[in-house]
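Proteins come first, then strands; the chains are lettered A, B, ... in the order of their sequence lines, and each starts at number 1.
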Amino acid sequence: MNDYPAEARRIIAAARSGGWVLEPEAKRLFGLAGFDLPRFALARTAEEALRFAGEIGYPVAAKVISPRILHKSDAGGVAVGIPAAGGLEEAFRRFRKLDGFAGMLVEEMVSGVELILGAKIDVQFGPMVLLGMGGTGVEIYQDIALRMAPLAERDAAAMIAALRARRLLDGYRGAEAVNREKLIATILAFSAVAMDLEGLIASIDINPLICSARRCVVADARIILGEYA
Amino acid sequence: MDLKPLFEPRSMAVFGVSLSNDRHPANEIFNKNLLRYPVRVYGVNPRGGTINGEQIHRSIAEVPEPVDLAVIAVRADLVPDVLTACIAAKVRSAVVISGGFGEVGRLDLQGRLAAVAKEASFPFIGPNCLGIYSPARVDTFFLPGERMVTPAVGNVSFVSQSGGILVDQMINFTNEGVGLAKAISIGNKALLGELEILEYLAQDPATQVIAFYIEGFGPKEGRQFVLRAGGCGKPVVVLKSGKSPGGSAAVSSHTASLAGDYASFSAVLAQYGIVEATSELELVSFCESLSAYARPIAGNVGIVTVSGGHGAIAVDACTARGIRVPEVPAEACETLRKSLSASVREIASLTNPVDLTGSGIDDDFVAAARFFFGRDEIDCVLALLLPYVPGITSDLGAKLSYAARQCGKPLIAYVPHVEKYAMLIEGFNLNGAPVSPSIEGAVLMVEALRRNRQ
């Protein structure tokens with residue numbers, strides 16, 4: 001955590017003109033704050049992408065990086081489970097044509113239950129933390145729990161218990177149960193980040209936060225800056 | 001700031017009484033306090049004269065005794081000077097009735113009031129409000145005294161941003177027999193808002209339940225409010241308006257879209273054990289129930305009725321809200337069977353709900369209620385009474401609610417509210433047991449006890 005407070009502010013200051021922090025920098029911020037990240041690299045060329053994928057091994061996920069694309073899936077800028085080099089090259093060709101293309105993120109595939117962990121600075125109540133079933137369908141399922149930060153451990157546990165789909169976290173139909181302690185620790189660390197960045201940001205999505213029996217991984221993150229950041 | 005002079009004034013001065021228009025708001029306030037309340041009231045108008053034979057004073061300095069409460073109903077642009085004069089004359093508090101401030105864009109004028117008062121630590125409510133109704137003490141509502149519907153004196157205090165909603169809830173409280181401790185319309189809340197009034201009511205011995213109608217909070221005000229309300233030791237009920245999302249078109253995150261203003265409001269209230277009412281029916285039901293029983297329950301209900309249909313509807317309403325209707329072991333029910341009257345012993349359905357059938361009599365009701373009160377898996381009893389069943393008398397309300405008092409667990413009743421059954425309802429009221437005119441309302445009363453975390 002040593003570099004976190006100052007570096008978080010530098011990351012946010014650097015993103016001021018665009019209004020939001022792009023995925024690689026947002027992930028770096030969470031990495032500094034002690035969150036578990038997948039292995040990832042930002043590739044500017046197809047060769048760089050292939051080299052990094054070779055290092056971490058297939059399958060990999062690929063995501064477009066563009067200051068003009070806030071919701072990557074909506075723009076066709078996400079490919080997951082890419083099994084081999086051919087697929088990765090094809091993804092790169094596709095992403096290069098997207099609006100504002102600034103590179104492609106190549107990332108280790110992580111499996112588990114997809115959650116969303118979000119923060120919003122509410123005008124009336126200040127920092128709020130949201131936990132919900134994540135992925136691209138969050139706004140359709142709307143299976144969420146919402147609380148005012150800072151959270152205590154029992155708040156985090158109560159948020160998990162409040163989800164309609166909570167059974168999916170308990171090892172539904174033979175799947176491994178999600179590591180409850182890791183999830184609670186991640187929620188509490190996130191609550192601390194939300195409190196810390198209150199004056200700088202408008203909202204944060206970690207979506208998905210991929211949770212398994214071993215890990216809770218920040219697979220994607222975006223930080224929307226506040227009016228006065 | 002000491003708010004006591006606002007709520008318990010011994011002397012008041014009304015600014016803006018008219019010598020020519022007796023329906024002027026200031027005149028209504030002056031007259032009703034003169035005629036109906038023990039507070040000593042003085043009219044102030046720079047022109048002097050008399051109203052109803054009472055001397056009108058030209059200035060606050062002419063009023064012959066120290067004034068606890070100034071009620072100001074003069075033109076908006078004159079209010080700052082009146083407020084300054086009150087402070088200079090050592091008046092202790094004020095209610096500013098006058099409109100024409102923030103609500104019409106005159107935030108500058110409103111800001112001046114707040115600045116003058118803050119500087120002098122001078123408490124005032126308003127502007128643009130009805131002010132305070134404190135039973136048997138003072139009433140600054142500019143509504144003709146004879147047309148006001150005033151609930152019985154009780155332990156619920158109601159605070160509202162809107163004067164109209166406040167007056168309507170007083171009618172609802174009256175209809176449902178909910179007793180009122182204080183009603184406060186805070187209007188534009190230039191100085192005193194929900195938080196300050198909450199602080200006062202939390203300490204007020206006459207108030208046991210604090211209810212609010214809230215349109216919205218200022219920046220971070222909501223946070224302070226829930227932190228204070230959540231730990232104030234008294235049940236707090238909030239009715240919120242403005243639930244529809246504002247049309248924010250900006251690109252935003254999933255979180256910002258899912259955690260909209262109202263979703264956040266509602267979630268935070270629940271987080272702090274504040275009971276949110278989503279309708280007027282919920283508001284009045286919650287207040288009635290919490291004014292009778294301040295202690296939270298887990299929400300395990302025993303239901304007793306003389307109609308299977310009523311029992312089934314109540315179970316559905318409970319289940320829909322996550323209130324449990326636990327099963328009671330069959331052998332335990334057999335002990336209840338022995339204490340029932342001979343005519344129902346063989347035909348009553350003894351599970352939960354207990355259906356005594358149309359042959360049930362008062363004693364059967366009391367026996368079934370006592371049975372539930374004695375069970376650990378039950379923490380609240382719902383009695384669905386049909387007063388037209390032959391074996392039920394008008395005295396059952398008193399008998400049942402007395403049993404509840406003895407056993408120390410909450411009892412909530414459903415009785416159709418018509419004049420004919422008033423005697424039955426009166427019996428419940430006698431022992432402080434809440435009665436709802438609908439099954440849904442009775443279940444809401446249970447819900448309030450479950451959600452309250454104070």
Select one option (side chain, backbone, both, neither) describing which atoms of B:Ser257 are under 4.5 Å from chain A's heavy atoms. side chain

Compute the ring centroids of A:Phe125 and B:Phe225, then answer whether they are less than 6.0 Å apart. no

Identify which part of B:Ala263 has an atom lying under 4.5 Å from any heavy atom of chain A, answering side chain, backbone, both or neither. both

Heavy-atom pairs under 4.5 Å with chain B are the metric here; pick the option from A:Val129, A:Val138, A:Ile121 that has the most. A:Val138

For B:Asp108, is the CG atom crowded, meaning more than 12 foreign heavy atoms sit under 6.0 Å from it? yes

With a 4.5 angstrom heavy-atom cut-off, which part of A:Ala119 approaches chain B: side chain, backbone, both or neither? backbone

Hey, which of A:Ala145, A:Gly132, A:Ala149 has the most heavy atom pairs under 4.5 Å with chain B? A:Ala149

Return each pair, listed once, that meets side chain to side chain donor-acceptor pair (under 3.5 Å) where at least one residue sits in residues 179-191 of chain A; pairs must be two or more places apart or across chains. A:Asp170-A:Arg180

At their closest point, which heavy atom of B:Phe217 faces which heavy atom of A:Gln124, and how far apart are they? N-OE1, 2.8 Å

Is A:Met148 close to B:Leu227 at the side-chain level, that is, under 4.5 Å between some pair of heavy atoms? yes

Which atoms form the tightest heavy-atom contact between B:Arg223 and A:Pro127, and what is the distance? NH2-O, 3.1 Å

Is chain B contacted by the side chain of A:Leu130, its backbone, both, or neither, given a heavy-atom distance below 4.5 Å? side chain

Could you tell me which portion of A:Ile204 (side chain, backbone, both or neither) has an atom closer than 4.5 angstrom to a non-hydrogen atom of chain B? backbone

Ignoring hydrogens and geometry, is there a side-chain-to-backbone donor-acceptor pair from B:Gln271 to A:Arg147 under 3.5 Å? no

Surrounding CZ of A:Phe101 (heavy atoms of other residues, nucleotides or ligands, distance under 6.0 Å), is the total greater than 12? yes

Tell me which of these, B:Ser266, B:Gly218, B:Ala256, B:Ser264, has more heavy-atom pairs under 4.5 Å with chain A than the rest. B:Ser264

Are more than 12 heavy atoms from other residues, nucleotides or ligands located less than 6.0 Å from atom CZ of B:Arg453? yes

Just wondering, more than 12 heavy atoms not from B:Lys220 lying within 6.0 Å of its NZ? yes

Rounded to the nearest 0.5 Å, the CD1 atom of A:Ile224 sits from the NE2 atom of B:His254 at a distance of 10.0 Å

Interface residue of largest heavy-atom contact number with chain B, from A:Asp122, A:Asn207, A:Ile223, under 4.5 Å: A:Asp122

Would a distance-only check, ignoring hydrogens and angles, find a side-chain to backbone donor-acceptor pair under 3.5 Å from B:Thr255 to A:Asp205? no

Would you please go through residues 183-195 of chain B and name the residues with a non-hydrogen atom below 4.5 Å from one of chain A, in numerical order? none

To check you understand the geometry: which heavy-atom pair defines the closest contact between B:Ser253 and A:Glu139, and what is its length? O-OE2, 4.5 Å

Check whether more than 12 heavy atoms from other residues, nucleotides or ligands sit under 6.0 Å from atom CD of A:Glu153, and answer yes or no. no

